[in-house]
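So you know, we letter chains A, B, ... as the sequences are listed, proteins then strands, and number each from 1. No experiment lies behind these values; they were computed from the predicted model shown. Computed from heavy atoms alone, side chains included, the values below leave out hydrogens, waters and symmetry copies.
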Protein chains: 2
Amino acid sequence: MVLQQAEDLLHDYLMAREQKLTWQRRTILAIFFAARTHLTIEELYKKVREQNRNIGVATVYRTVKILCDCGLASGFKDAGGNVKYELGQEYHEHLVCVKCGRVIEAVEAVYQLPAKLCTAKKFKVLHSRLEVYGICQECSNPCSCAGKA
Amino acid sequence: MVLQQAEDLLHDYLMAREQKLTWQRRTILAIFFAARTHLTIEELYKKVREQNRNIGVATVYRTVKILCDCGLASGFKDAGGNVKYELGQEYHEHLVCVKCGRVIEAVEAVYQLPAKLCTAKKFKVLHSRLEVYGICQECSNPCSCAGKA
DNA sequence: CTTCTTGCAAAGAATTTGCATAGAA
DNA sequence: TTCTATGCAAATTCTTTGCAAGAAG
């Protein structure tokens, strides 16, 4: 995904809800996008401030929430217990070592047989979770779509 | 994974660190295990209280942290922005609709071609994240293992 | 016996909210 | 112009911590 696509998606989402695409939201999205890693709110905020001193934390929180709502980002707790957010690379695999916390990036294969992948990396699987964000069948069908809360 | 296995794993983890397996920890693990879903701390706490009135929130927090550290559980932010925890089923797939929030459980295939799976479920992928928790090569090797903080 | 745990309540972080003003459509 | 978004700081909510008493090994 390129930035333009992400921004379009955000734009559409906001328009549909009669909300606005402000320069703050654009800025935050762009910085988040450029980072290409998972960040805590604080980390993201710091980067944002580097670029523009006039954006408040609250706006970062509010914007990240929107990004999560529209499916562009998602949040999770990392090994250290901190809540991190990640902009959605379409397929992104992490192998997280629960002993040392090391994170092995594995963006390569498109989910094809992670078992094989783990074997190749000599990574002993304890457990895992796959979250796929998208639009379910019901919501894809305009007639039966209930919309979002 | 059965409860006994989980408890053994926890036990080993605690022993290795000279920590103790208390009845509170067993209780919380068992209740969490029985729930078979992702829960917020509050939800878990409520269930725990139903079974035993003398366990404090702090203990639930502390225990869940241990479960995360030893790789039995992991935390993430759900569609509503709440931090949820999930005990590790070895392979567990969720298809999360970003419109309605519906979660399609897809425990079936062992990650084999989620793309195919999504097609079958008519689920339009926006993005996804796979977290695999386990022991990395370095940590599996007792000689080079740095241990955990 | 010694050391780690616990429950409680207070402390500390993290996140949200109210309100007047600025800004997008 | 009309509403929504923003920044600030206060208000909330979520999590962690300190401590005396109680268990686990």
Side-chain angles (χ1 to χ4, degrees), chain A residues 7-8 10-31 38-46 48-70 73-85 149, chain B residues 7-8 10-31 38-46 48-70 73-85 149:
Chain A
E7 208 175 287
D8 288 348
L10 176 58
H11 183 256
D12 292 349
Y13 175 80
L14 291 171
M15 288 320 240
R17 305 169 59 113
E18 308 198 293
Q19 290 181 293
K20 292 162 184 178
L21 182 52
T22 62
W23 63 267
Q24 286 96 333
R25 290 176 178 171
R26 281 169 187 278
T27 303
I28 293 169
L29 174 61
I31 289 172
H38 36 72
L39 299 168
T40 61
I41 292 286
E42 201 188 339
E43 289 162 344
L44 179 56
Y45 178 55
K46 198 175 294 175
V48 168
R49 295 282 285 195
E50 281 170 16
Q51 181 154 329
N52 191 311
R53 206 125 263 285
N54 303 317
I55 295 183
V57 224
T59 301
V60 176
Y61 273 103
R62 288 186 275 227
T63 302
V64 169
K65 171 157 282 178
I66 290 173
L67 293 178
C68 289
D69 287 345
C70 74
S74 59
F76 61 101
K77 280 216 160 192
D78 76 351
N82 302 309
V83 177
K84 298 226 164 183
Y85 292 90
Chain B
E7 208 176 287
D8 289 349
L10 176 59
H11 183 257
D12 291 349
Y13 175 81
L14 291 172
M15 288 320 238
R17 306 170 58 115
E18 308 198 292
Q19 291 180 295
K20 292 161 186 180
L21 183 51
T22 61
W23 63 267
Q24 286 96 331
R25 290 175 179 171
R26 281 169 187 276
T27 303
I28 292 170
L29 174 60
I31 288 172
H38 36 72
L39 299 169
T40 61
I41 292 288
E42 201 188 340
E43 290 163 344
L44 179 56
Y45 178 54
K46 198 176 294 176
V48 167
R49 295 280 286 195
E50 280 170 15
Q51 182 154 330
N52 191 310
R53 207 125 262 283
N54 303 318
I55 295 182
V57 222
T59 301
V60 176
Y61 273 103
R62 288 187 276 228
T63 302
V64 168
K65 170 156 284 179
I66 291 172
L67 293 178
C68 289
D69 286 346
C70 74
S74 59
F76 61 101
K77 279 216 162 193
D78 76 352
N82 302 308
V83 177
K84 298 226 165 185
Y85 292 89

First encountered from the 5' end of DNA chain D, between A:Val60 and B:Gln19 =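 By nearest-heavy-atom nucleotide position, the 5'-most residue is A:Val60.
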
Rounded to the nearest 0.5 Å, how far apart are [atom1] of [X] and [atom2] of [Y]?
| X | Y | atom1 | atom2 | value |
| --- | --- | --- | --- | --- |
| B:Gln19 | B:Leu10 | CD | CG | 9.5 Å |
| A:Ser74 | A:Asp69 | OG | CG | 12.0 Å |
| A:Asp12 | A:Arg17 | CG | CZ | 13.5 Å |
| B:Asn54 | B:Arg49 | CG | CZ | 7.5 Å |

Non-neighbouring partners of [X] that pass side-chain hydrogen bond (donor to acceptor under 3.5 Å, both in side chains), sequence neighbours left out:
| X | value |
| --- | --- |
| A:Gln51 | none |
| B:Lys84 | none |
| B:Asn52 | none |

5' to 3' on DNA chain D, which nucleotides open and close the contacts with chain B (atom under 4.0 Å from a heavy atom)?
->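 That gives a stretch of D:dC14 to D:dG25.
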
With B:Asn82, which residues qualify under side chain to side chain contact (heavy atoms under 4.5 Å, CB included), at least two apart?
->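 Partners of B:Asn82 under the side chain to side chain contact (heavy atoms under 4.5 Å, CB included) test: B:Thr40, B:Asp78.
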
Under-3.5 Å N/O pairs linking protein and nucleotides 15-19 of chain C:
| unit_1 | atom_1 | unit_2 | atom_2 | d |
| --- | --- | --- | --- | --- |
| C:dT15 | OP2 | A:Tyr61 | OH | 2.6 |
| C:dT15 | O5' | A:Tyr61 | OH | 3.4 |
| C:dT16 | OP1 | A:Lys65 | NZ | 2.8 |

Return the value, rounded to whole Å, for the distance between atom [atom1] of [X] and atom [atom2] of [N].
| X | N | atom1 | atom2 | result |
| --- | --- | --- | --- | --- |
| A:His11 | C:dA24 | NE2 | P | 12 Å |
| A:Leu14 | C:dA25 | CG | C1' | 13 Å |
| B:Arg25 | C:dT5 | CZ | C1' | 6 Å |
| A:Ile55 | C:dA22 | CD1 | P | 17 Å |

Verdict with reasoning, B:Tyr85 to B:Ile41, per side-chain contact (heavy atoms from CB on, under 4.5 Å) = CA-CA 7 Å; B:Tyr85 292 89; B:Ile41 292 288; 3.6 Å; yes

Atom pairs and distances, side-chain donor-acceptor, residues 60-67 of chain A, under 3.5 Å, sequence neighbours left out:
| unit_1 | atom_1 | unit_2 | atom_2 | d |
| --- | --- | --- | --- | --- |
| A:Thr63 | OG1 | A:Thr59 | O | 2.7 |

If you look only at pairs with a residue in residues 20-31 of chain B, which of them pass as a salt bridge (charged side-chain N to carboxylate O under 4.0 Å, His left out), with sequence neighbours excluded?
->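 Every salt bridge (charged side-chain N to carboxylate O under 4.0 Å, His left out) pair that includes a residue of residues 20-31 of chain B, provided the two are not neighbours, is B:Glu7-B:Arg26.
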
Protein and nucleotides 1-3 of chain C: nitrogen or oxygen contacts under 3.5 angstrom:
| unit_1 | atom_1 | unit_2 | atom_2 | d |
| --- | --- | --- | --- | --- |
| C:dT3 | O2 | B:Lys20 | NZ | 2.6 |

